[in-house]
Amino acid sequence: MTTMTEASVREFKMPDVGEGLTEAEILKWFVQPGDTVTDGQVVCEVETAKAAVELPIPYDGVVRELRFPEGTTVDVGTAIITVDVSGGAAPAAEQPAPAAEQPSAPRPAEEPKAEGSGRQPVLVGYGVATSSTRRRPRKGPEVPLQQASTAIQTELNGHGAATPAAPAGRERPLAKPPVRKLAKDLGVDLTTVVPTGPDGIITREDVHAAVAQPQAPQPEAPAAAAPAPAPVSYDSARETRIPVKGVRKATAAAMVGSAFTAPHVTEFVTVDVTRTMKLVEELKEDKEFAGLRVNPLLLIAKALLVAIKRNPDINASWDEAAQEIVVKHYVNLGIAAATPRGLIVPNIKDAHAKTLPQLAESLGELVSTARDGKTSPAAMQGGTVTITNVGVFGVDTGTPLLNPGESAILAVGAIKLQPWVHKGKVKPRQVTTLALSFDHRLVDGELGSKVLADVAAILEQPKRLITWS
């Protein structure tokens with residue numbers, strides 16, 4: 001039997017494909033044991049909390065083992081595939097079953113490490129994580145339906161019937177640095193927070209739950225003494241349970257953080273956009289926009305950029321640690337996009353410096369990439385202000401929540417033909433309602449009102465795009 005030396009075996013570990021992400025779900029394997037791979041070849045697709053990403057392998061060799069089946073959520077830094085880089089083929093007798101046929105129970109090599117052993121630090125600023133990989137196979141026919149339903153409900157609620165107890169002798173609550181900073185910013189004592197993360201780790205959701213219910217006492221009984229979970233009924237004909245993970249999980253956490261951190265104020269204005277709609281039709285015939293998609297969102301985006309130029313303090317963020325307001329001299333314009341994996345907000349970098357045709361091109365690329373599910377994590381980082389177009393669903397208006405780290409978000413309602421007083425007479429006009437939410441810590445009512453009024457004025461008289469630019 002062919003043996004491999006330690007030097008000939010390489011383990012490809014789950015990388016941090018975003019900024020500070022701690023885990024990713026393996027969606028699909030593109031290789032199997034025995035396949036030959038080359039440097040840069042895509043071997044699998046994973047879903048992070050921000051997007052679906054294809055992972056290329058960084059060396060040549062023969063696939064020895066797929067460490068986890070599709071549907072498994074794996075910690076960053078955990079080996080997911082083993083490759084023989086010596087050039088020899090993997091022995092048939094030692095090849096594991098394909099990922100789809102691997103048992104859901106962990107092998108001895110995948111057992112959680114003993115407490116205190118930890119794993120190697122893989123994220124700058126996160127230190128050594130002590131949690132083991134959490135396996136969540138999509139299929140497990142050997143698991144009773146009732147037990148599976150209980151597990152799914154645990155994922156949805158973020159906690160089970162029994163609260164994980166802290167390890168014996170532990171004096172300092174387990175939490176990652178970003179969570180500790182969040183707790184400090186919100187004035188939460190981590191020793192009073194009930195942990196729901198693996199191995200008793202306190203999560204961001206736990207901190208926000210403590211803020212929402214500050215008087216809730218912390219259970220002191222150890223997990224071993226907690227009663228067994230009550231049976232959960234499941235009727236497939238009457239309800240469906242959907243695990244909250246990936247993009248949906250990240251969006252939920254971000255919105256909870258935004259709602260509890262930034263004091264929101266929302267203002268509304270209804271505006272006659274008939275002239276803007278006429279300009280849209282004219283631009284569609286302009287040769288400068290040949291091959292580009294021209295729609296009302298393009299002019300709304302440009303109107304917001306002009307309003308920000310006239311009122312630059314709206315384009316800012318709140319630095320809690322430094323107790324400073326950070327005014328950005330650039331605009332990374334976020335556009336909220338609904339995708340099969342959930343709501344994402346990619347942004348157009350340096351949108352303020354783009355001409356109208358360039359902005360149209362960037363909007364088209366952003367939308368098509370989001371619809372194809374190919375938006376990269378980098379495209380969703382660094383946004384400064386956002387537009388969400390609820391009008392595409394026929395909705396008149398809404399109260400949008402801020403994206404974390406941003407100070408303003410503009411919601412655009414449906415554009416409808418309505419009776420409107422125009423030049424002293426009631427006439428049918430194209431009308432829409434705009435809503436601007438802003439962080440009242442750094443944006444007062446005067447500034448927020450000026451920005452919203454400027455956007456409305458431009459959409460009513462689009463020639464102001466020229467006179468105010």
Side-chain angles (χ1 to χ4, degrees), residues 158 178-190 192-193 202-216 249-270 304 307-308 310-329 331-336 343-345 347 380-390 395-413 433-456:
V179 177
R180 293 186 183 279
K181 180 180 183 303
L182 174 65
K184 180 180 178 181
D185 293 344
L186 298 181
V188 175
D189 183 356
L190 286 178
T192 66
V193 177
I202 296 174
T203 66
R204 295 179 64 89
E205 291 81 359
D206 298 335
V207 175
H208 289 304
V211 173
Q213 298 179 332
Q215 302 302 322
K249 182 177 180 180
T251 300
M255 291 300 97
V256 170
S258 175
F260 281 100
T261 302
H264 284 59
V265 173
T266 305
E267 295 185 340
F268 306 87
V269 63
T270 302
L304 179 58
I308 292 172
R310 287 166 55 85
N311 306 275
D313 289 346
I314 193 74
N315 188 48
S317 63
W318 180 272
D319 188 334
E320 180 66 26
Q323 288 294 293
E324 295 176 338
I325 295 173
V326 183
V327 179
K328 313 293 177 62
H329 301 302
V331 181
N332 290 345
L333 181 62
I335 304 294
L343 179 69
I344 64 174
V345 188
N347 60 78
M380 292 182 284
Q381 296 168 3
T384 63
V385 67
T386 293
I387 295 176
T388 178
N389 184 8
V390 297
V395 175
D396 290 334
T397 189
T399 304
L401 287 179
L402 296 167
N403 284 318
E406 299 181 13
S407 62
I409 179 171
L410 177 70
V412 183
T433 300
L434 307 175
L436 183 73
S437 291
F438 49 87
D439 186 341
H440 214 359
R441 293 176 298 179
L442 63 158
V443 180
D444 58 24
E446 179 185 13
L447 176 58
S449 299
K450 284 183 176 180
V451 172
L452 185 58
D454 279 358
V455 173

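Computed over heavy atoms, backbone and side chain alike; hydrogens, waters and symmetry mates excluded.
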Novice: Quick one: does Leu190's side chain get under 4.5 Å of Val207's, heavy atoms only?
Specialist: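 Of all side-chain heavy-atom pairs linking Val207 with Leu190, at least one is under 4.5 Å.
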
Novice: Which atoms form the tightest heavy-atom contact between Val451 and Ala307, and what is the distance?
Specialist: O-CB, 3.9 Å

Novice: For Ile314, does its backbone N or O pair with a side-chain atom of Asn311 as donor and acceptor, under 3.5 Å?
Specialist: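 Looks like no, no N/O pair under 3.5 Å.
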
Novice: Return the minimal non-hydrogen interatomic distance between Leu447 and Asp444, and the atom names on each side.
Specialist: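 Minimum heavy-atom contact is N-OD1, 2.9 Å.
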
Novice: Test Asp313 against Leu442 for side chain to side chain contact (heavy atoms under 4.5 Å, CB included), laying out the working first.
Specialist: CA-CA 8 Å; Asp313 289 346; Leu442 63 158; over 6 Å; no

Novice: Return yes if some donor-acceptor pair links the side-chain N/O of Ser407 with the main-chain N/O of Ala316 below 3.5 Å, else return no.
Specialist: yes

Novice: Does Gln381 offer a backbone N or O that forms a donor-acceptor pair with the side chain of Asn347 under 3.5 Å?
Specialist: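 Confirmed, Asn347 side chain pairs with Gln381 backbone.
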
Novice: What pair of heavy atoms forms the shortest contact from Glu267 to Gly445, and how long is it?
Specialist: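 Taking every non-hydrogen atom into account, OE2-O, 3.9 Å.
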
Novice: Write down the atom of Phe438, the atom of Gly448, and the distance for their closest heavy-atom approach.
Specialist: CE2-CA, 3.8 Å

Novice: For a quick test of reading the model, state the closest non-hydrogen atom pair linking Thr192 to Asp189 and the distance between them.
Specialist: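 Heavy atoms of Thr192 and Asp189 come nearest at OG1-O, 2.6 Å.
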
Novice: Any chance you could measure Lys328, atom NZ, to Thr384, atom OG1, to the nearest 0.5 Å?
Specialist: 6.5 Å

Novice: Between CZ of Phe268 and CG of Leu434, what distance do you get to the nearest 0.5 Å?
Specialist: 11.0 Å

Novice: Can you tell me how far the CD atom of Glu320 sits from the CZ atom of Arg441, to the nearest 0.5 Å?
Specialist: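 It comes to 6.5 Å.
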
Novice: Side-chain donor-acceptor contacts of residues 395-404 below 3.5 Å, not counting sequence neighbours, with atom names and distances?
Specialist:
from   : atom 1 : to     : atom 2 : distance (Å)
Asp396 : OD1    : Lys416 : NZ     : 2.9
Asn403 : ND2    : Thr386 : OG1    : 2.9

Novice: Would you find a donor on one side and an acceptor on the other, under 3.5 Å apart, between the side chain of Ser437 and the backbone of Thr266?
Specialist: no

Novice: Under the side-chain contact (heavy atoms from CB on, under 4.5 Å) test against Val455, which residue among Val412, Ile308, Leu304, Leu436 passes?
Specialist: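 Looking at Val412, Ile308, Leu304, Leu436, the match for Val455 under the side-chain contact (heavy atoms from CB on, under 4.5 Å) is Leu304.
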
Novice: Considering all heavy atoms of both residues, which atom of Ala336 and which atom of Leu343 are nearest to each other, and what is their separation?
Specialist: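 It is CB-CD1, 4.0 Å.
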
